[in-house]
Amino acid sequence: MSSPLTLSTERLILRQWQISDAEPFAQMSADPKVMNMLLGPIDAQASAAMEQKIMAQILENGWGFWALALKETQEFIGFTGLNRPNADLPFSPCVEIGWRLAFAHWGNGYATEAAKAALAFGFNHLELTEIVAFTALSNHPSQAVMQRLGMQREPQNFMHPKVPAGHPLQAHCLYRLSQSAWRREG
């Protein structure tokens, strides 16, 4: 078990989850706009279970999908961080970078800013050789973040095993960033 770390950027704090995050996370998880590319909204019980799982992973590893808060107000606005996916993906084992922000905070560059801090942590402290990101083919906003991070899209798409067969979100694209490419860009 590792002590949870806190990361900081110019405008944001990536930290362990707090009891006060449960309600805004549940609201975010119930928002059809936020959950549009994630198989739709989830109820408060599923949101709480997800939050508990994320918190446990951070307590176990010292890192994970950190709660994301505005530095100025401490307001919870979503999560960003690193994760070892438990799905049987064609490129497993891997460490992914991911984010989810409340709709009111979209378009401010927060996902990119927070993800850059998570990448730096992954490459500098965890000494990962590669970090991946993946999303539904139709999720152009997340793909734009991946591109701003310097990640490169793989030519082959894949069918996400946790998305029902035939679902419009089943086809996913994969982006990769190696530590060496990240250092060259840094």
Side-chain angles (χ1 to χ4, degrees), residues 1-2 4-5 7 14-17 21 25 28-29 34-42 45-68 78-101 111-112 114-179 181-182:
M1 183 190 279
S2 301
L5 298 169
L7 304 179
L14 290 78
R15 58 163 171 74
Q16 176 57 293
W17 294 65
D21 298 333
F25 182 59
M28 185 178 83
S29 298
V34 172
M35 302 300 286
N36 183 44
M37 295 292 161
L38 299 165
L39 299 178
I42 60 175
Q45 185 176 0
S47 176
M50 181 179 185
E51 183 179 359
Q52 290 300 313
K53 182 179 174 187
I54 291 171
M55 289 172 62
Q57 289 174 333
I58 292 173
L59 286 173
E60 181 178 330
N61 300 317
W63 55 274
F65 284 141
W66 290 283
L68 187 59
F79 68 77
T80 306
L82 304 171
N83 179 55
R84 285 190 183 101
N86 61 5
D88 186 19
L89 301 168
F91 43 89
S92 292
C94 62
V95 173
E96 70 168 315
I97 187 163
W99 48 84
R100 187 179 308 168
L101 274 67
T112 302
K116 284 181 179 180
L119 286 174
F121 174 81
F123 289 133
N124 289 331
H125 298 283
L126 299 179
E127 299 181 5
L128 298 172
T129 57
E130 178 182 75
I131 297 174
V132 302
F134 48 90
T135 191
L137 294 181
S138 56
N139 191 347
H140 301 292
S142 276
Q143 290 183 55
V145 172
M146 295 168 193
Q147 292 164 8
R148 284 192 293 275
L149 295 172
M151 303 186 93
Q152 299 299 310
R153 185 172 172 173
E154 288 290 303
Q156 291 292 105
N157 297 326
F158 69 98
M159 296 302 192
H160 198 294
K162 289 196 170 183
V163 179
H167 192 283
L169 298 178
Q170 187 184 23
H172 272 54
C173 55
L174 171 67
Y175 283 75
R176 296 179 185 268
L177 182 61
S178 68
Q179 184 189 77
W182 179 78

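If you read the sequence from its start, that first residue is 1, and numbering goes on from there. The shown structure was predicted, so the numbers you read here are calculated from the model rather than taken from an experiment.
Of the possible donor and acceptor atoms, one in the side chain of His172 sits under 3.5 Å from a partner among the backbone N and O of Gln170. Panel note: side chain Ser29, backbone Phe25; a donor-acceptor pair is recorded below 3.5 Å. Using modelled atom types, one side-chain atom of Trp66 and one backbone atom of Leu5 make a donor-acceptor pair closer than 3.5 Å. Checked by atom type and distance alone, the side chain of Gln179 pairs as donor or acceptor with a backbone atom of Leu128 at under 3.5 Å.
Scanning all heavy atoms of the two residues, the minimum distance from Leu7 to Ala117 falls at CD1-O, 3.8 Å. In plain terms, the two heavy atoms of Leu101 and Ala111 that are nearest each other are CD2-N, 4.0 Å. Here the closest non-hydrogen pair linking Leu89 and Pro161 is CD2-CD, 3.7 Å. Taking all atoms of both residues into account, the shortest heavy-atom contact from Met151 to Ile131 is CE-O, 3.3 Å. Looking at every heavy atom in both residues, Ala118 comes nearest to Leu82 through O-CD1, 3.6 Å. Heavy-atom minimum distance, Leu149 versus Leu177: O-CD2, 3.7 Å.
A distance of 5.0 Å separates CD in Gln57 from CG in Asn83, rounded to the nearest 0.5 Å. Rounded to the nearest 0.5 angstrom, Ser178 OG and Gln152 CD are separated by 9.0 Å. Note that CG of Leu119 and CG of Asn124 are 10.0 Å apart. Values are rounded to the nearest 0.5 Å. With values rounded to the nearest 0.5 angstrom, Glu51 atom CD is found 10.5 Å from Phe79 atom CZ. Between atom CG of residue Leu39 and atom CG of residue Leu169 there is a gap of 6.0 Å, rounded to the nearest 0.5 Å.
Note on ring orientation: taking the six-membered ring where Trp is involved, the planes of Phe134 and Phe158 are perpendicular (angle over 60°, cut-offs 30° and 60°).
Counting non-hydrogen atoms of other residues, nucleotides and ligands closer than 6.0 Å to CD of Gln147 gives a total above 12.
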Chi angles and distances behind the side chain to side chain contact (heavy atoms under 4.5 Å, CB included) call for Arg100, Leu68: CA-CA 9 Å; Arg100 187 179 308 168; Leu68 187 59; over 6 Å; no

Side chain to side chain contact (heavy atoms under 4.5 Å, CB included) evaluation trace for Arg176 with Phe91: CA-CA 10 Å; Arg176 296 179 185 268; Phe91 43 89; 3.7 Å; yes

Steps toward side chain to side chain contact (heavy atoms under 4.5 Å, CB included) verdict (Asp21, Arg15): CA-CA 11 Å; Asp21 298 333; Arg15 58 163 171 74; 2.7 Å; yes

Chi angles and distances behind the side chain to side chain contact (heavy atoms under 4.5 Å, CB included) call for Phe65, Glu96: CA-CA 10 Å; Phe65 284 141; Glu96 70 168 315; 4.1 Å; yes

Enumerate donor-acceptor pairs with a distance under 3.5 Å from any side-chain N or O in residues 137-144 to protein atoms, sequence neighbours excluded.
from, atom 1, to, atom 2, distance (Å)
Asn139, OD1, Ser142, N, 3.2
Asn139, ND2, Thr135, OG1, 3.0
Asn139, ND2, Ser142, OG, 3.4
Ser142, OG, Trp99, NE1, 3.3
Gln143, OE1, Arg153, NH1, 3.3
Gln143, OE1, Tyr175, OH, 3.2
Gln143, NE2, Leu137, O, 2.9

